[in-house]
Amino acid sequence: MKLLLSQLITEALATLHRAEQLPVTATEVRIERTRDRAHGDFASNIALVLAKTARRKPRDLAELICQTLPTSAQIERVEIAGPGFINFFLAPAAYHAVIDTVLSQAEHYGRSTAGTGRKLQIEFVSANPTGPLHVGHGRGAAVGDSLARLLATQGWQVSREFYYNDAGQQIHNLTASVHARLQGLTPEDGAWPVDGYRGEYISDVAAAYQTGETVVADDRQVTAQADPTASDAIRDFAVAWLRREQDHDLHAFDVRFDHYFLESSLYTQGKVEDTVARLITQGFAFEHDGALWLRTTEFGDDKDRVMRKSDGGYTYFLPDVAYHVDKWQRGFQRVINEQGADHHSTVTRVRAGLQALGIGIPPGWPEYVLHQMVTVTRGGEEVKISKRAGSYVTLRDLIDEVGRDATRFFFVMRKVDSQLVFDIDLARSQSLDNPVYYIQYAHARICSVQRQLGEKGLSHDIADGQAHYSTLTAEHEDQLMVLLARYPEVLQAAAEQLEPQLLAQYLRDLAQGLHTYYTAQQFLVEASGLRNARLNLITAVRQVIRNGLELLGVSAPEVM
RNA sequence: GCGCCCGUAGCUCAGUUGGAUAGAGUGUCGGCCUCCGAAGCCGAAGGUCAGAGGUUCAAAUCCUCUCGGGCGCGCCA
C-alpha cells in the first residue's frame, strides 16, 4: 500500500513537472502510517519537503498535488491537513482485504521473500564452558534467537553459531578446579586453585567424572575415564559436562544452534598463523618490546594492539580476527555478533584487523548488536548470588522460577542498548501487571470463543464472513484491521533495525486492540453474516498473535 | 582522563529510523461481571522529553557542550 501511494504521488509530481508547474523532478516519496486515525491511514510530507525548492507554500503545493493525483479504488479520499501533510483515507475494501490475506497466508503472513537465498550468520551466547549460563547470556540468547527468527522472515538464510574456547586459560582453571575437587579439596581450602571456580557445579562435575558417566552435549560426547590424575581426560569431560548444562538451559529456552565453533580449531588448522603471516606481509605489523603489534590505529582504533606477546603466545585479538576471516570465507554476506556491551572494545579492533588484511571485507563488517547489562531484582532488592554458580544469577534460576515464556519476553521487550532490570516478582505474577500473560490471554480468549461456537452447535463459515465484511463498521474493528495490516511492516522494521522490542511492543498493542474489542462487542451474535465476519477478523488476530509470539520464542496457549 | 551506551509521568519503559495535540503498563482515585474467560474493559489525575545552545518548514529524535548513571580503557578472555 505504501508503494502504491508512493507511486501515485510520483506520477502526480511527474505530471506537474511536465506542465512546468514544478521545477524539480521526482524525489524519493516516503509514505508513513499516521499516528492518529483522524489523519487517515497514511500520510505524505512531500509537500513540506518540496516547498522550498518549488518556491510555493506547502499547503498550496499539497493542493496542487492532490488535484493531479491519479484516482485509485483503494483510496476513499485524500485530505490536506496541518502544515501541508497529504492524508490518505483507504476504502473499506482495502481494509477487508487484509483479513483474507492473513487467513490465506496463515503462518506465512508477514513474511517477505526480499532476501531470498542470501546467507547470514548470527553468532550469540558464545559462552565459555566454565560455568552455567548467567542472566546476561539469557538476554543474549533471547535477543540473538529472536533476531535470527526475524531475519529469516525477511528471506535471509540464517545460520546460528556458538563460538567457544575449549583450550585456553579459563579451561585450564576449570580443569584445575575439578582436579582439586577430585583430590578431596573444597573451595574453602587454602590449597584450592587461586583462579579456580567455586560454584557447586564443580562438585557435580567431579562426582560424574568419578562414576564414569557419559555426557552428551549438542556438539560433543565424552565418557569419563574416572582417573583422578588424567588432566586431559578431566578437561575433556568437564567441558562436555558444562556444554551439556548450557544446552539444557538453551533447549529450555527453545534456542538451538546450527554450528559450534572451537577456538582451538583456529590453531590446529593453522588459521591463526595464516592470519599473522598475512598481516605481516600487508605491512601493518611491527615489533616492539619483544612483542608483535598491529597498527590498528590506521583503521580507527585509539591505540595499536599486541598480537603476539613477548612470551610467544597470542592475545585473544588474533584468534578473533582469524575467526572472522573464517566466517568471511564461508560466504556470509552479513555476519551479526550479539554480545554483552562489556565487549564493545573488540568491535573496532576486530574490524581494524580485518581491514588490515586487505582481503576485500567491507569496513562495517561484521555488524554488532551489543546488549546492556541485566540486573535482577526480587522484592525490590537486587539479587546477585546464585548457589548454583557461586557468584552470579543463572539463566536456569530465572527459567525455573518464572518460566520460559516470561523470561524470553522480558529479555526482548526492551531496547537492547538500555540496561534491563529484570523484576522477578513481576515476571512471576500471573496477573494484571504481566505483559506476557496479557498477550497470551488475548490468544486464549479467541480460542475460547471458537470453542464456545462449537458448544452452541454453530460453525464458522469463512466464505459467509467474507461476504459480510461491510458489517464490520465498529471503531474497534477498524483499528484491529489496521493493526493486522501493520504486522508485515513491523517485522521488516524489527529485522532491519535489529530491534526485536518493536515486535514485542506491537504484540502488546494488538492484544490490547483485541481485549478492547472483546469487551465492547459480542462475537457470537444471532446474525450469521456479522457473526462470521467477526469470526474471520478475530481468527486473523489469533493467527498474527501466534506468528508474532513464535518469533519471540513465546508459546501461544489455547487455554490458560 | 578518554571511548561507547543510557537519561521521557511517582516507578518500569515505548515512541513507526526528523512530523501533526508526547504514549503504554504499573501505582493512585472512580466506574463495568444475569451477557463469548474480570489474567479483562472504560474514565480521571500525572510531563521543563536531564539542562543549555545549534541545525530547519518541523527536534524526545540530528550536532556541540554541561550534569547524572552504566560499561569499557591489559603483552586477560
Side-chain angles (χ1 to χ4, degrees), chain A residues 32-36 38-39 43 45 47-49 51-52 57-58 81-85 87 128 130 165 168-170 263 288-293 301-303 305-317 319-320 340-348 370-373 375 377 380 413-421 423 426 429-438 440-442 444-453 455-456 486 489-490 492-494 496-497 499 501-502 504-506 508-509 511-512 514-525 531 534 538 559-560:
Chain A
E32 288 186 326
R33 277 199 183 271
T34 54
R35 214 181 284 261
D36 187 340
H39 298 140
N45 63 354
L48 294 164
V49 174
K52 199 167 199 175
K57 288 180 187 167
F85 291 102
N87 293 336
N128 281 341
T130 56
N165 181 356
Q169 185 60 38
Q170 291 184 35
E263 182 182 337
H288 179 68
D289 289 344
L292 184 67
W293 296 66
D301 204 356
D302 55 350
K303 57 179 89 165
R305 304 293 169 177
V306 170
M307 295 191 285
R308 191 169 59 218
K309 299 182 278 184
S310 51
D311 68 6
Y314 294 110
T315 61
Y316 70 95
F317 162 56
D320 269 2
D342 52 341
H343 288 86
H344 77 249
S345 62
T346 67
V347 176
T348 313
L370 303 177
H371 64 258
Q372 291 290 326
M373 303 291 100
T375 52
T377 64
M413 72 180 182
R414 305 301 184 207
K415 275 189 303 205
V416 293
D417 42 15
S418 298
Q419 286 157 239
L420 178 71
V421 176
D423 183 338
L426 177 61
S429 75
Q430 306 200 352
S431 65
L432 358 145
D433 26 358
N434 193 328
V436 187
Y437 288 95
Y438 186 84
Q440 290 179 321
Y441 184 48
R445 261 186 154 171
I446 295 168
C447 296
S448 175
V449 170
Q450 291 168 333
R451 281 191 301 272
Q452 296 276 339
L453 184 72
E455 286 164 17
K456 292 187 176 183
R486 273 186 50 209
E489 298 164 21
V490 170
Q492 189 188 351
E496 239 169 49
Q497 300 167 41
E499 293 187 349
Q501 89 280 356
L502 294 176
Q505 209 69 31
Y506 165 84
R508 218 210 65 84
D509 289 346
Q512 182 175 47
L514 187 279
H515 287 310
T516 304
Y517 181 38
Y518 184 97
T519 309
Q521 304 290 340
Q522 188 84 6
F523 306 148
L524 302 180
V525 292
R531 182 176 70 234
R534 285 183 170 165
I538 64 170
V559 182
M560 294 174 68

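Side-chain atoms are counted along with the backbone in the values below, which use heavy atoms only and exclude waters and symmetry mates. Naming convention: chains lettered A, B, ... in sequence-line order (proteins, then strands); numbering from 1 in each chain.
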J.: What's A:A81 touching, base or sugar-phosphate or nothing? Going by heavy atoms closer than 4.0 Å.
T.: base
J.: Any base atoms under 4.0 Å from A:D302, or only sugar-phosphate, or nothing? Heavy atoms, all strands.
T.: nothing
J.: Report which part of the nucleic acid A:V559 touches: base, sugar-phosphate, or nothing (heavy-atom distance under 4.0 Å, all strands).
T.: base
J.: Regarding A:D289, tell me which of base, sugar-phosphate or nothing describes its non-hydrogen contacts under 4.0 Å with the strands shown.
T.: base
J.: Output the rounded distance in Å from CE (A:M413) to P (B:rG15).
T.: 13 Å
J.: Distance between the C1' atoms of B:rA22 and B:rU55, in whole angstroms?
T.: 22 Å
J.: Taking only the C1' atom of each, what is the distance from B:rG30 to B:rU64 in whole angstrom?
T.: 48 Å
J.: What nucleotide among B:rG19, B:rU56, B:rC6 has an atom nearest to a side-chain atom of A:K52?
T.: B:rU56
J.: Please check the phosphate of B:rG15 (OP1 and OP2 only) for any side-chain N or O of A:K415 closer than 4.0 Å.
T.: yes
J.: Where does B:rC49 land, syn or anti, once you apply the within-90°-of-0 test for syn?
T.: anti
J.: Which whole number of Å gives the distance between the P atom of B:rA52 and that of B:rG15?
T.: 24 Å
J.: Scan side-chain atoms only and decide if A:Q492 and A:E496 contain a donor-acceptor pair under the 3.5 Å cut-off.
T.: yes
J.: A:N165 vs A:Q170, test: side chain to side chain contact (heavy atoms under 4.5 Å, CB included). Steps then yes/no.
T.: CA-CA 8 Å; A:N165 181 356; A:Q170 291 184 35; 5.7 Å; no
J.: In this structure, how many angstroms lie between the C1' atom of B:rG15 and the OH atom of A:Y506, rounded?
T.: 17 Å
J.: Identify whether any heavy atom of A:L502 sits under 4.0 Å from a base atom; if not, whether one sits that close to sugar-phosphate; answer base, sugar-phosphate or nothing.
T.: sugar-phosphate
J.: Just N and O in the side chain of A:K303: are any of them under 4.0 Å from OP1 or OP2 of B:rG74?
T.: yes
J.: For A:A341, answer base if it contacts any base atom (sugar-phosphate contacts may also be present), sugar-phosphate if it contacts only those atoms, and nothing otherwise; contact means non-hydrogen atoms under 4.0 Å.
T.: sugar-phosphate
J.: Answer yes or no for this row: A:Y441 ring on B:rG40 base, centroids under 5.5 Å, planes under 30°.
T.: no
J.: Would you indicate, yes or no, if B:rG15 has its OP1 or OP2 atom less than 4.0 angstrom from a side-chain nitrogen or oxygen of A:Q501?
T.: yes
J.: Tell me the interatomic distance from A:R508, atom CZ, to B:rG23, atom P, rounded to whole angstroms.
T.: 15 Å
J.: Name the orientation class of the two ring planes belonging to A:F523 and A:Y517 (parallel below 30°, tilted from 30 to 60°, perpendicular beyond 60°).
T.: tilted
J.: Measuring to OP1 and OP2 of B:rA14, would you say a side-chain N or O of A:S418 lies under 4.0 angstrom away?
T.: yes
J.: Any side-chain heavy atom of A:Y316 within less than 4.5 Å of one from A:T346?
T.: yes
J.: What nucleotide among B:rA77, B:rA38, B:rC41 has an atom nearest to a side-chain atom of A:E263?
T.: B:rA77
J.: For the side chain of A:E32, starting at C-beta, report the closest nucleotide among B:rU16, B:rU17, B:rC4.
T.: B:rU17
J.: Are the ring of A:H39 and the base ring of B:rA20 both nearer than 5.5 Å at their centres and tilted by less than 30°?
T.: yes
J.: For nucleotides B:rG18 and B:rU12, find the distance between their C1' atoms and express it as a whole number of Å.
T.: 27 Å
J.: Determine the Euclidean distance between corresponding C1' atoms of B:rU61 and B:rU17; express it in Å to zero decimal places.
T.: 9 Å
J.: A:L370 CG to B:rC6 P: how many Å, rounded?
T.: 11 Å
J.: Mind listing the closest non-hydrogen atom pair of A:A51 and A:P58 along with its distance?
T.: CB-CG, 3.7 Å
J.: Below the 4.0 Å mark, does B:rG3 have OP1 or OP2 next to a side-chain nitrogen or oxygen of A:T348?
T.: no
J.: Name the closest nucleotide to the A:Y438 side chain, picking from B:rA24, B:rG40, B:rG3.
T.: B:rG40
J.: B:rG68 and B:rC29: how far apart are their P atoms, nearest whole angstrom?
T.: 37 Å
J.: Take the protein atom CG of A:N45 and the nucleotide atom P of B:rU17, then report the distance between them rounded to whole Å.
T.: 10 Å
J.: What contact category does A:N128 fall into here, base, sugar-phosphate, or nothing, at under 4.0 angstrom with non-hydrogen atoms?
T.: sugar-phosphate
J.: Considering only atom P, compute the distance from B:rG25 to B:rU21 and round it to an integer number of Å.
T.: 23 Å
J.: Taking A:D36 for its side chain and A:A38 for its backbone only, find out whether a donor-acceptor pair lies under 3.5 Å.
T.: yes
J.: Is NZ or CZ of A:R486 both nearer than 6.0 Å to the six-membered ring centre of A:Y506 and within 45° of the ring axis?
T.: no
J.: Does a side-chain heavy-atom distance below 4.5 Å link A:F85 with A:L48?
T.: yes
J.: Please convert RNA chain B into dot-bracket. A pair counts if it is Watson-Crick or G-U wobble with both distances under 3.5 Å; crossing pairs go in [ ] and bases paired with another strand get |.
T.: (((((((..((((.....[...)))).(((((.......))))).....(((((..]....))))))))))))....
J.: From CD of A:Q419 over to P of B:rU8, roughly how many Å is that when rounded to an integer?
T.: 12 Å
J.: Counting only side-chain N and O atoms of A:Y316, is one of them less than 4.0 Å from OP1 or OP2 of B:rA77?
T.: no
J.: Heavy atoms only, 4.0 Å cut-off, all strands: where does A:A38 land among base, sugar-phosphate and nothing?
T.: nothing
J.: Has A:K309 got a side-chain N or O lying under 4.0 Å from the OP1 or OP2 atom of B:rC76?
T.: yes
J.: How would you label the contact of A:D301 with the nucleic acid (heavy atoms, under 4.0 Å): base, sugar-phosphate, or nothing?
T.: nothing
J.: Counting only distance, no hydrogens or angles, is the base of B:rU16 paired donor-acceptor with the side chain of A:R35 under 3.5 Å?
T.: yes
J.: Using side chain to side chain contact (heavy atoms under 4.5 Å, CB included), reason through A:R305 and A:T315 one step at a time and then give a plain yes or no.
T.: CA-CA 9 Å; A:R305 304 293 169 177; A:T315 61; over 6 Å; no
J.: Of the candidate nucleotides B:rA39, B:rA20, B:rU12, which contains the atom at the shortest distance from the side chain of A:V421?
T.: B:rU12
J.: What distance separates A:Q419 CD from A:R414 CZ, expressed to the nearest 0.5 Å?
T.: 13.5 Å
J.: Report each atom pair, protein N/O against N/O of nucleotides 29-36 of chain B, whose distance is under 3.5 angstrom.
T.:
from	atom 1	to	atom 2	distance (Å)
B:rC36	O3'	A:Q452	NE2	3.1
B:rC36	O2	A:F523	N	3.3
B:rC36	O2	A:L524	N	3.2
B:rC36	N3	A:F523	N	3.0
B:rC36	N4	A:Y518	O	2.4
B:rC36	N4	A:Q521	O	2.3

J.: Would you say a side-chain N or O of A:Q512 is under 4.0 Å from OP1 or OP2 of B:rG25?
T.: yes
J.: So do the side chains of A:D342 and A:M373 get within less than 4.5 Å of each other, counting heavy atoms only?
T.: yes
J.: Rounding to an integer number of Å, can you tell me how far A:H343 NE2 sits from B:rG74 C1'?
T.: 14 Å
J.: For atom C1', what is the distance between B:rG40 and B:rC35, given to the nearest Å?
T.: 14 Å
J.: For the pair made of CD in A:Q505 and C1' in B:rU17, what is the distance, rounded to whole Å?
T.: 16 Å
J.: Need to verify one output field. Residue with the more 5' nearest nucleotide on RNA chain B, A:G82 or A:R451?
T.: A:G82
J.: Closest to the A:R33 side chain: B:rU16, B:rC75, B:rG37?
T.: B:rU16
J.: Heavy atoms only, 4.0 Å cut-off, all strands: where does A:H288 land among base, sugar-phosphate and nothing?
T.: base
